[in-house]
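The shown structure was predicted, so the numbers you read here are calculated from the model rather than taken from an experiment. Both ligands and their constituent atoms are indexed starting at 1 by order of listing.
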Amino acid sequence: MTAPPWWASAVVYQIYPRSFCDGDGDGVGDLSGIRSRLDHLVRLGVDAVWLSPFYRSPMKDFGYDISDHCDVDPVFGTLADFDALVADCHARGLRVLVDLVPNHTSDLHPWFQASRSSRYHPMRDWYWWRDGGPDGGPPNNWVAAFSPDPAWTFDAATGQWYLHQFLPEQPDLNWANPEVEAAMHDVVRFWLDRGVDGFRIDVVHGIGKDPQLPDDPPEVAGLPHVPLNDRPETHVHLRRLRALLDSYPGDRMMLGEVFLLDTAKVAAYYGDGDELHLSFNFPPLFAPWKASAWRRQIETTAAELDPVGAWPTWVLSNHDTVRHRSRYGSEARARAAALLLLGLRGTPVLYAGEELGLLDAEVPAERVVDPGGRDGCRAPIPWDPTHGHGWPTDPWLPFPPEADTHNVADEWADPRSTLDLYRRSLVARRASAALRTGAQRLLEVPAGVVGWVRTAGADRRVVLVNFSDEVVDLEGTEALAATAGWQVEVASDRQGEGSRFTGQLGPDQAVWLRPG
Ligand code: ISL
């Protein structure tokens, strides 16, 4: 048997560079700040970092609007800082994934500037330009993300409309034009040559479009087009991108953001092992803290991905979504969710700050800066309990609540902290092939609980998560029969950790059990 690839057993840690650590004192995090905090990641025990965009950008979408894919925005540092960061990560055994944004550029990117300059410019066709509809309105009924507005903007200078699935300042690239694909391949080579281990690929399902640009059906009219765009053209582009990555040594990989809210559709983006290595699967991200909902997500994920050999991913928080502690309603639940996330079969992706049990910041209306209103989950990471929490000047967004206790320094000093729970879990995960890459089977458990067994050869672990706010007794269940005499290896509330499992789960408690 060949060993699983590194990305199957890895724990990925997402860094939103603006909010991680400020090395130069301008109130915005940067690459030198990240470099100075790598020991936190090593001590935590993650395997790879994914850096959200740090490229040159007018920051209308905080870096997801790129004006130069092959340079670092001055607010984040320089290419030399990037190279030093990659070297430091690799020296510590951390892999580096960078964000690739292929669907659109900034409207200030030289490509779009050229494209919009004239109907006859050779780069006109690098973007989607169309005449208006018969009524003089947009060419079709597609709606942009973050707004109820059309995904088209009229450009008076040349009398045509251009397509943007996101902001008007984020025109969609036309991947049907081979020059666009070649240019994006050059971008990919640029970063691979600098030593990155792979890419998280932004809205990758958006790049292929129906060349007829037909209206979205009436039953979904008014919803953003992005989660509806699911096209065969994209798979052709992904296979060529995969071939490019495969031409490099060292297991370079791509983790795609396929924002289709249907796991069966997501599965197709792994291709026949010749497209994405990994894809996000967002339905679980939006599932409530409820046993029946999570059981369904776990079953659906296995049913759709396992038969086609697609390795799952799991994520509870990111820079676009309210943090899971805020969504689930308590730190006890967020801690149980950590054992859920890290105990499931697949590659978990952590979002910086979740290891501290952070809540979303409450951002007053006058400080909201994101067009999608996602500021709360992008609050700066508190590094210590002091007034500035390790930030040399006031950061660009307010700190999350409870930063006087929920900060890196205090949580490292406290064995009861959420941070220490993540550390202990990652130690246990690293030591167990069953937890990292083992098979998974759901167990019969009482209502309110989800439980499963992970198996790799002789190595076995059982994960039990009590989603209810009551004590649950497992007496008489398959789960208890399967774990007679087993030990509690990790408990989300530390209750019983290191002792023989009693057969009872506390309210919102999760445990990892190992043979005694
Ligand atoms: O943010 C969302 C819901 O609040 C999603 O619909 C989001 O638009 C989708 O996940 C795509 O997100 C990615 O591309 C966007 C960028 O704004 C997001 O930050 C990024 O994660 C456009 O580049």
Side-chain angles (χ1 to χ4, degrees), residues 12 14-19 50-67 69 73 97-109 112 127 142-149 151 163-173 175 184 187 199-207 216 220 222-230 234 254-262 265-266 269 276 278-287 313 315-324 326-327 349 351-352 360 363 368-379 397:
V12 180
Q14 180 192 359
I15 290 180
Y16 193 68
R18 295 184 72 83
S19 304
W50 147 33
L51 303 169
S52 277
F54 49 79
Y55 315 110
R56 276 194 191 264
S57 167
M59 303 292 170
K60 296 290 181 193
D61 190 15
F62 295 101
Y64 284 95
D65 50 324
I66 298 174
S67 55
H69 296 88
D73 194 275
L97 307 181
V98 296
D99 218 305
L100 181 71
V101 186
N103 180 69
H104 45 267
T105 66
S106 162
D107 60 332
L108 299 186
H109 195 294
F112 188 69
Y127 295 83
W142 293 5
V143 169
F146 319 132
S147 75
D149 297 331
L163 174 67
H164 51 87
Q165 296 192 71
F166 292 89
L167 299 174
E169 294 89 351
Q170 291 169 296
D172 274 45
L173 282 163
W175 276 70
M184 288 307 299
V187 170
F199 302 89
R200 175 271 188 185
I201 311 186
D202 193 60
V203 287
V204 69
H205 66 292
I207 63 177
D216 283 329
V220 291
L223 295 177
H225 179 71
V226 180
L228 308 172
N229 196 87
D230 183 20
T234 302
M254 43 187 184
L255 159 58
E257 187 199 29
V258 178
F259 201 82
L260 296 171
L261 301 176
D262 175 341
K265 290 183 177 165
V266 170
Y269 286 78
L276 296 174
L278 294 175
S279 174
F280 282 111
N281 179 38
F282 288 115
L285 177 69
F286 302 116
T313 65
V315 63
L316 297 178
S317 287
N318 64 30
H319 67 293
D320 290 334
T321 314
V322 173
R323 284 184 179 276
H324 64 272
S326 297
R327 294 201 318 273
V349 183
Y351 177 50
D360 267 30
V363 183
V368 168
V369 286
D370 176 49
R374 299 161 295 184
D375 309 72
C377 62
R378 300 176 177 181
L397 284 174

Tell me whether [X] reaches ligand 1 (any heavy atom closer than 4.0 angstrom to a ligand atom).
| X | answer |
| --- | --- |
| Arg200 | yes |
| Gln165 | no |
| Arg378 | yes |
| Phe62 | no |

Can you tell me if [X] and [Y] form a side-chain donor-acceptor pair at under 3.5 Å?
| X | Y | answer |
| --- | --- | --- |
| Tyr351 | Asp320 | no |
| His205 | Thr234 | no |
| Asn229 | Gln165 | no |

How far is [atom] from its nearest protein heavy atom, and which residue and atom is that?
| atom | result |
| --- | --- |
| atom 8 (O) of ligand 1 | Phe166 CE2, 3.3 Å |
| atom 13 (C) of ligand 1 | Asp202 OD1, 2.8 Å |
| atom 16 (C) of ligand 1 | Asp61 OD2, 3.3 Å |
| atom 5 (C) of ligand 1 | Phe259 CZ, 3.7 Å |
| atom 1 (O) of ligand 1 | Arg374 NH1, 3.3 Å |

>> Show the nearest heavy-atom pair for residues Tyr127 and Asp172, with the distance to one decimal.
In response: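 For Tyr127 and Asp172, the tightest heavy-atom pair comes out as CD2-O, 3.3 Å.
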
> Can you name the closest pair of heavy atoms from Ser326 and Val322 and give their distance?
Replying inline: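 Scanning both residues, the minimum pair turns out to be CB-CG1, 3.5 Å.
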
>> Within ligand 1, which atoms have a heavy atom of His104 less than 4.0 Å away?
In response: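 It comes down to these atoms of ligand 1: 22 (C), 23 (O).
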
>> Need the ligand 1 atom indices (1-based, order shown) with element for anything under 4.0 Å from a heavy-atom of Phe146.
In response: 17 (O)

> Nearest heavy atom to atom 9 (C) of ligand 1: which of Gln170, His164, Glu257, His319 does it belong to?
Replying inline: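 Checking each option, the heavy atom nearest atom 9 (C) of ligand 1 is found in Glu257.
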
> So does Asp360 pair up with Arg374, basic N to acidic O under 4.0 Å?
Replying inline: no

> Can you check side chain to side chain contact (heavy atoms under 4.5 Å, CB included) on Met254 and Val204, steps first, answer last?
Replying inline: CA-CA 10 Å; Met254 43 187 184; Val204 69; over 6 Å; no

> Using 30° and 60° as the class limits, which term best fits the ring planes of Phe282 and Phe280: parallel, tilted or perpendicular?
Replying inline: parallel

>> At under 4.0 Å between heavy atoms, is it the side chain or the backbone of His205 that contacts ligand 1, or both, or neither?
In response: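 Near ligand 1, His205 shows nothing, with every heavy atom at 4.0 Å or more.
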
> Taking non-hydrogen atoms only, is Asp320 closer than 4.0 angstrom to ligand 1 via side chain, backbone, both or neither?
Replying inline: both

> Listed by chain and number, what are the side-chain contact (heavy atoms from CB on, under 4.5 Å) partners of Ser52, not counting sequence neighbours?
Replying inline: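 Residues passing side-chain contact (heavy atoms from CB on, under 4.5 Å) with Ser52: Gln14, Tyr16, Pro17, Trp50, Tyr64, Asp99, His319.
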
